[in-house]
Amino acid sequence: MEGLTEIGSSKMFGGYNRRYRHFSTTLGCSMTFYIYFPPSADSQKLPVLYWLSGLTCSDENFIIKSGAQRAASIEGVALIAPDTSPRGLNVEGEADSWDFGVGAGFYLNGTQEKWKNWQMYDYVVNELPKLLSDNFQQLDTSRASIFGHSMGGHGALTIYLKNPSSYKSVSAFAPIANPIDCPWGQKAFSNYLGSDKSLWEEYDATFLVKKCNKFSTPILIDQGDEDKFLHEQLLPHRFEEACRSVGAPFMLRMQPGYDHSYFFIATFIEDHIRHHAKALKSGA
């Protein structure tokens with residue numbers, strides 16, 4: 001069984017992007033993830049900020065494209081970027097479509113036998129934080145926040161709402177905010193979770209916020225109004241309505257002219273890093 005191994009390192013803004021591989025007992029396969037260690041990693045324990053990527057992505061996209069390291073280096077926050085699904089299991093059909101299977105784990109725990117290794121919720125919530133705590137003494141995993149994009153925005157919102165005591169704050173870029181009612185979510189949920197719609201609701205932020213709304217740091221969402229997936233797949237206004245119905249603190253910023261790409265993410269990433277750094281440092 002493969003232990004934790006560093007497989008890459010690049011200096012950036014005075015800190016380091018370091019990539020690691022390990023065998024995941026949760027997923028039953030080898031997994032990779034990135035950590036960005038800001039320069040202050042040498043002198044103090046760092047809070048951690050988990051980034052969850054979207055459909056088709058790996059652990060590399062965010063680290064390479066977002067430019068988040070600049071703000072993280074200034075704020076003294078470690079960035080953690082895991083992969084988006086198990087890989088290398090050779091399950092029949094796992095790579096037949098770009099929006100399901102490999103690269104499309106949806107940050108849930110699959111209940112259907114064929115997809116029993118798709119346990120990305122448990123991997124992100126339980127296995128990865130313990131791995132970090134056990135192996136990186138410079139990280140303070142008790143001070144954690146979470147954010148993500150698209151499918152990863154869905155993951156960040158649902159994980160935060162189901163575990164509000166484990167994370168100080170949450171934000172998202174163009175999240176799949178109401179997956180029960182969009183084609184991406186319906187395809188994933190029906191295959192991973194079966195036909196029980198009550199189980200689907202456990203992974204839908206629009207449903208979860210109605211019963212999991214005891215938090216004080218506002219949820220921040222940025223959404224481009226030129227995003228081609230906005231009206232069919234993302235549905236952020238459904239989530240906004242749910243937040244308002246229960247008085248949950250929430251801020252949806254519609255950004256004129258922006259699409260679904262990393263150009264959009266890179267434009268506003270510093271706002272999100274500061275949003276989380278404030279919560280992480282205040283102990284909110």
J.: Applying the side-chain hydrogen bond (donor to acceptor under 3.5 Å, both in side chains) test to S169, which of K278, H275, H276 qualifies?
T.: H276
J.: Tell me, please, which residues at least two apart from I64 pass side-chain contact (heavy atoms from CB on, under 4.5 Å).
T.: E60
J.: Would you say the side-chain atoms of W200 pair up with the backbone N or O of G185, donor to acceptor, closer than 3.5 Å?
T.: no
J.: What residues, two or more places apart in sequence or in another chain, satisfy side chain to side chain donor-acceptor pair (under 3.5 Å) together with S66?
T.: none
J.: When you look at I265 and F263, which way does the side chain to side chain contact (heavy atoms under 4.5 Å, CB included) test go after all the steps?
T.: CA-CA 6 Å; I265 295 170; F263 300 119; over 6 Å; no
J.: According to ring-ring contact (aromatic ring centres under 6.0 Å, His included), who are the partners of F207, at least two apart in sequence or on a separate chain?
T.: none
J.: Where do F268 and H149 land on the ring-ring contact (aromatic ring centres under 6.0 Å, His included) test, with the steps shown first?
T.: CA-CA 12 Å; F268 301 102; H149 171 232; over 10 Å; no
J.: Test your reading of the model: is there a side-chain donor-acceptor pair from D59 to the backbone of A81, 3.5 Å cut-off?
T.: no
J.: Could you measure the distance from the CD1 atom of I63 to the OH atom of Y34? Nearest 0.5 Å is fine.
T.: 7.0 Å
J.: Side chains of M254 and L230: closer than 4.5 Å at any heavy-atom pair?
T.: yes
J.: Sequence neighbours left out, what passes side-chain contact (heavy atoms from CB on, under 4.5 Å) with S9? Give chain and number order.
T.: E6, Y16, R18
J.: Under a plain distance cut-off of 3.5 Å, with no hydrogens placed, do S150 and H260 share a side-chain donor-acceptor pair?
T.: yes
J.: Which residue pairs pass the side-chain hydrogen bond (donor to acceptor under 3.5 Å, both in side chains) test with at least one member in residues 176-188, sequence neighbours excluded?
T.: S97-K187, D99-K187, N178-D204, N178-R238, D181-R238
J.: In Å and rounded to the nearest 0.5 Å, what is the NZ to CG distance from K162 to L208?
T.: 5.5 Å
J.: Would you check, one step at a time, whether the test ring-ring contact (aromatic ring centres under 6.0 Å, His included) holds for F136 with Y20?
T.: CA-CA 12 Å; F136 301 99; Y20 299 91; 5.0 Å; yes
J.: Take E75 and R274 through the side chain to side chain contact (heavy atoms under 4.5 Å, CB included) test and state the conclusion after the steps.
T.: CA-CA 7 Å; E75 297 291 347; R274 287 192 292 265; 3.5 Å; yes
J.: Please list, chain by chain and in numerical order, all residues satisfying salt bridge (charged side-chain N to carboxylate O under 4.0 Å, His left out) with E94, sequence neighbours excluded.
T.: none
J.: Taking side chain as C-beta onward, heavy atoms only, is L52 less than 4.5 Å from P82?
T.: yes
J.: Ignoring hydrogens and angles, tell me if any N or O in the side chain of N61 forms a donor-acceptor pair with the backbone of C57 under 3.5 Å.
T.: no
J.: A side-chain contact here means heavy atoms from C-beta on lying under 4.5 Å apart; do F239 and I221 qualify?
T.: yes
J.: Could you label the plane-to-plane angle of the F100 and W115 rings as parallel, tilted or perpendicular, counting under 30° as parallel and over 60° as perpendicular?
T.: perpendicular
J.: Would you please name every residue forming a side-chain contact (heavy atoms from CB on, under 4.5 Å) with T111, sequence neighbours left out?
T.: L193, L199
J.: Please check if any side-chain donor atom of T26 sits under 3.5 Å from a side-chain acceptor atom of E127, or the reverse.
T.: yes
J.: Is any side-chain heavy atom of F147 closer than 4.5 Å to a side-chain heavy atom of Y160?
T.: no
J.: Whether E241 and K210 form a salt bridge (side-chain N of Lys/Arg under 4.0 Å from carboxylate O of Asp/Glu) is what I want to check.
T.: no
J.: According to a 4.5 Å side-chain heavy-atom criterion applied to Ile, Leu, Val, Met, Phe, Trp and Tyr, with indirect links allowed, do L161 and L235 form part of one hydrophobic cluster?
T.: no
J.: For the atom pair CZ (R143) and OG (S282), what is the distance rounded to the nearest 0.5 Å?
T.: 10.5 Å
J.: Find the distance between CG (L234) and CE (M151) and round it off to the nearest 0.5 Å.
T.: 13.0 Å
J.: Just so I know, are the side chains of H22 and T5 near enough to count as touching, which here means a heavy-atom distance under 4.5 Å?
T.: no
J.: With sequence neighbours excluded, what pairs up with D83 under the side chain to side chain donor-acceptor pair (under 3.5 Å) test?
T.: R87
J.: Quick one: are R244 and F250 in side-chain contact, heavy atoms under 4.5 Å?
T.: no
J.: Classify the side-chain pair Q69/N17 by whether it contains a donor and acceptor separated by less than 3.5 Å.
T.: yes
J.: Hey, are the side chains of V124 and I159 touching, using non-hydrogen atoms and a 4.5 Å cut-off?
T.: yes
J.: Is there a path of hydrophobic side-chain contacts, each under 4.5 Å between heavy atoms of I/L/V/M/F/W/Y residues, joining V209 to V125?
T.: yes
J.: In Å, rounded to the nearest 0.5 Å, how long is the span from CD of Q112 to OG of S190?
T.: 9.0 Å
J.: Would you list the atom pairs, donor with acceptor, under 3.5 Å between side chains in residues 103-110 and any protein atom, with sequence neighbours excluded?
T.:
| unit_1 | atom_1 | unit_2 | atom_2 | d |
| --- | --- | --- | --- | --- |
| Y107 | OH | S53 | N | 3.2 |
| Y107 | OH | S53 | O | 2.8 |
| N109 | OD1 | D122 | N | 3.2 |
| N109 | ND2 | D122 | OD1 | 3.1 |
| N109 | ND2 | D122 | OD2 | 3.3 |

J.: Would you kindly check if the NZ (Lys) or CZ (Arg) of K168 is within the cone defined by 45 degrees around the ring axis of F215 and under 6.0 Å from the six-membered ring centre?
T.: no
J.: Determine, using the 4.5 Å side-chain heavy-atom cutoff (strictly less than), whether L220 and Y167 are members of one ILVMFWY cluster.
T.: no
J.: Do Y192 and V91 belong to the same hydrophobic cluster, where Ile, Leu, Val, Met, Phe, Trp and Tyr are linked whenever their side-chain heavy atoms lie under 4.5 Å apart, directly or via other members?
T.: yes
J.: Would K197 and E202 count as a salt bridge (charged side-chain N to carboxylate O under 4.0 Å, His left out) here? Give the steps.
T.: CA-CA 9 Å; K197 297 292 181 68; E202 290 301 308; over 6 Å; no
J.: Does anything in residues 28-39 pair up under salt bridge (Lys or Arg N to Asp or Glu O under 4.0 Å), and if so which pairs, sequence neighbours excluded?
T.: none
J.: If you draw a 6.0 Å radius around NZ in K114, do more than 12 non-hydrogen atoms from other residues or ligands fall strictly inside?
T.: yes
J.: How long is the gap from CZ on R19 to CD1 on I35, to the nearest 0.5 Å?
T.: 13.0 Å
J.: What residues form a salt bridge (charged side-chain N to carboxylate O under 4.0 Å, His left out) with D134, not counting sequence neighbours?
T.: K130
J.: The test is ring-ring contact (aromatic ring centres under 6.0 Å, His included); show your working for F173 and H272 and say whether it passes.
T.: CA-CA 9 Å; F173 292 85; H272 287 246; 3.9 Å; yes
J.: Under the side-chain contact (heavy atoms from CB on, under 4.5 Å) rule, collect the residues that match up with E226, sequence neighbours excluded.
T.: none
J.: According to the interplanar angle, ranging from 0 to 90°, do the rings of Y262 and W51 count as parallel (below 30°), tilted (30 to 60°) or perpendicular (above 60°)?
T.: tilted
J.: Anything under 30° is parallel, anything over 60° is perpendicular, the rest tilted; go ahead and classify Y121 against Y203.
T.: perpendicular
J.: Do T84 and M120 have side-chain heavy atoms sitting under 4.5 Å apart?
T.: no
J.: Is there a path of hydrophobic side-chain contacts, each under 4.5 Å between heavy atoms, that joins W118 and W98?
T.: yes
